[in-house]
Amino acid sequence: MLSSFGYTLPVFATASAVAGIRYLDNNLEDNSVEIDLINPPEKAIIPIEQIAKISSNQVLAITRSQPGTNLDITRNTPIWGLVTLTPSQETKIIIEGGEGVGKIIDLGGKSAIYNYAHKLLEFNILNNLKNHSLVEVKIILPEGKKLAEKTSNSAFGVIEGLSLLGTSGISQPLTSKEQLELYQEELINKSKNHDQLIFCIGENGLDLAVKLGFNPSQLVKTANWLGSMLVTASHAKVKSIILLGYHGKLIKLAGNIFHTHHHLADGRLEILTAIASFLGLNQDVCRLLFTAKTTESALEILREFDRKNNSNWTEKIYNYIAEKIAKNSEKYILNHSDFPVKIGVILFNRQRNIIAKYQ
């Protein structure tokens with residue numbers, strides 16, 4: 001039975017690969033397979049929907065994503081594992097992404113299969129491999145390209161599909177009340193040892209925070225619950241917070257949107273355009289910002305305008321956005337609590353380069 005939280009895409013990809021290995025190497029046609037999640041250190045039973053032999057040494061196995069109670073666009077999407085085994089003197093594993101698995105622009109189109117997914121696949125393949133072989137696994141997400149259009153993947157340089165991303169096999173319901181309570185509990189525990197905390201919405205922010213030298217014991221994941229987490233920090237008597245996040249997410253706070261999930265509110269380009277216009281940017285450029293496809297492409301429009309005109313509108317606008325986020329956050333806290341918290345802001349782009357700070 002699936003956990004009430006469900007599992008992440010790497011787990012289902014691994015299950016399809018393991019089912020293929022067991023079919024070819026052990027002549028077992030499984031209805032389900034057991035996957036060691038590594039993180040957390042527990043095992044999961046994943047149903048196998050279909051399995052078929054393509055040739056004498058190649059098989060296709062299909063699982064279906066079940067992320068539990070999470071609002072996840074991958075729910076029920078099929079995950080195909082195309083597995084090829086070739087006898088060899090030693091075992092070698094090759095993992096690649098096929099149709100529907102995203103490509104990382106900054107890495108020359110490398111498949112968006114990240115460290116945890118690689119580790120999970122390799123560990124479980126080796127655990128189920130009977131004979132030394134060259135193991136070639138191609139993960140295919142037939143609905144991946146279409147689903148990716150509903151994500152912010154392109155803003156982070158991943159195109160043409162979904163990422164096999166994450167650091168855990170458990171799919172955390174980032175919009176559930178139970179998950180908010182877990183984040184609040186973590187915040188309260190960390191506030192006992194630190195009067196300054198670093199708020200990160202997701203994995204990109206957490207990873208960058210460590211690279212910037214912040215103490216991991218001060219990092220708090222908020223997901224989209226920024227308003228609730230800010231007020232909780234005030235109640236816990238935290239003196240200061242740095243909001244570290246992707247500009248296309250945190251910009252919502254500049255418009256007083258304090259729950260950042262796109263299902264509830266967006267308005268990012270509208271906020272950016274309003275601020276640019278307020279500061280006096282050329283109205284023709286403001287129209288381009290308003291009709292941009294993403295906040296990342298809007299950022300590039302500003303940069304291109306600066307290059308052509310030897311101006312500094314990008315810096316001016318984003319510094320104002322960072323200040324606006326900080327001031328709005330401080331006001332939000334005081335609207336719900338009596339203990340003031342000093343807010344700093346660090347914004348980064350899809351390459352994880354810092355584009356604005358306010359402290």
Side-chain angles (χ1 to χ4, degrees), residues 1-3 6-39 42-67 74-103 110-145 147 161-166 168-171:
M1 180 180 295
L2 290 177
S3 160
Y7 301 110
T8 57
L9 276 181
V11 174
F12 295 99
T14 300
S16 64
V18 166
I21 295 290
R22 289 169 60 83
Y23 190 93
L24 289 170
D25 208 29
N26 298 285
N27 200 31
L28 295 171
E29 187 171 351
D30 297 300
N31 293 319
S32 63
V33 293
E34 183 178 82
I35 301 300
D36 189 323
L37 301 180
I38 304 175
N39 180 34
E42 60 185 62
K43 296 182 179 179
I45 305 299
I46 305 299
I48 303 303
E49 187 166 289
Q50 291 178 305
I51 190 164
K53 208 165 189 177
I54 306 299
S55 66
S56 61
N57 71 331
Q58 189 176 65
V59 70
L60 177 68
I62 301 174
T63 58
R64 196 170 286 271
S65 172
Q66 293 296 335
T74 69
R75 181 181 309 282
N76 292 323
T77 193
I79 299 98
W80 298 3
L82 184 64
V83 180
T84 307
L85 287 187
T86 306
S88 177
Q89 293 296 318
E90 58 182 7
T91 296
K92 181 180 180 182
I93 300 173
I94 298 174
I95 298 167
E96 61 177 329
E99 177 72 17
V101 174
K103 297 177 176 61
K110 179 182 177 182
S111 296
I113 302 175
Y114 292 88
N115 290 339
Y116 173 71
H118 268 285
K119 183 177 179 181
L120 192 69
L121 279 156
E122 290 173 358
F123 183 84
N124 283 279
I125 286 170
L126 289 173
N127 276 355
N128 287 276
L129 195 62
K130 184 177 179 182
N131 301 303
H132 286 302
S133 302
L134 168 62
V135 184
E136 298 173 84
V137 175
K138 179 178 284 189
I139 302 301
I140 299 168
L141 303 175
E143 298 175 355
K145 189 177 291 188
L147 292 175
L162 298 173
S163 301
L164 297 188
L165 182 65
S168 169
I170 300 296
S171 177

What pair of heavy atoms forms the shortest contact from [X] to [Y], and how long is it?
X      : Y      : answer
Val101 : Ile139 : CG2-O, 3.3 Å
Pro78  : Trp80  : CB-NE1, 3.9 Å
Ala17  : Val137 : CB-CG1, 3.9 Å
Ile170 : Glu42  : CD1-OE2, 4.1 Å
Glu96  : Ser111 : C-OG, 4.2 Å
Val83  : Gly20  : CG2-CA, 4.1 Å

**Item:** Steps toward side-chain contact (heavy atoms from CB on, under 4.5 Å) verdict (Ile51, Val59)
**Value:** CA-CA 7 Å; Ile51 190 164; Val59 70; 3.7 Å; yes
Is there a side-chain contact between [X] and [Y] in this structure, where contact means two heavy atoms from C-beta onward sitting under 4.5 Å apart?
X      : Y      : answer
Ile48  : Thr63  : yes
Thr8   : Ser168 : no
Leu121 : Pro10  : no
Val135 : Leu85  : yes
Tyr7   : Leu37  : yes

**Request:** Start with the C-alpha gap between Thr14 and Phe123, add the side-chain angles, then the distance that decides, and say whether side-chain contact (heavy atoms from CB on, under 4.5 Å) holds.
**Result:** CA-CA 9 Å; Thr14 300; Phe123 183 84; over 6 Å; no
Nearest 0.5 Å please: distance from the [atom1] atom of [X] over to the [atom2] atom of [Y].
X      : Y      : atom1 : atom2 : value
Leu129 : Glu122 : CG    : CD    : 12.5 Å
Thr77  : Leu162 : OG1   : CG    : 7.0 Å
Lys130 : Ile21  : NZ    : CD1   : 13.5 Å
Ile113 : Leu164 : CD1   : CG    : 5.0 Å
Leu134 : Thr84  : CG    : OG1   : 8.5 Å
Ser133 : Gln89  : OG    : CD    : 11.0 Å

**Item:** More than 12 heavy atoms of other groups within 6.0 Å of Lys119 NZ
**Value:**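 Result for NZ/Lys119: open.
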**Message:** Determine whether a donor-acceptor pair (N or O, by modelled atom type, separation under 3.5 Å) exists between the side chain of Tyr23 and the backbone of Ala52.
**Reply:**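 Such a contact is absent between Tyr23 side chain and Ala52 backbone.
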**Prompt:** Okay, side chain of Asp36, backbone of Asn124: is any donor-acceptor separation there less than 3.5 Å?
**Reply:**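 Here the side-chain-to-backbone pair does not exist.
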**Message:** Please enumerate all residues that pass side chain to side chain donor-acceptor pair (under 3.5 Å) together with Thr91, with sequence neighbours excluded.
**Reply:**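 For Thr91, the residues satisfying side chain to side chain donor-acceptor pair (under 3.5 Å) (neighbours in sequence not counted) are His132.
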**Item:** Pair listing, side-chain hydrogen bond (donor to acceptor under 3.5 Å, both in side chains) test, anchored in residues 26-35, at least two apart
**Value:**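 Matches after skipping sequence neighbours: Arg22-Asp30.
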**Message:** So, applying side chain to side chain donor-acceptor pair (under 3.5 Å) with Asn76, which one of Arg64, Gln66, Glu143 is it?
**Reply:**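 Only one option passes, and that is Gln66.
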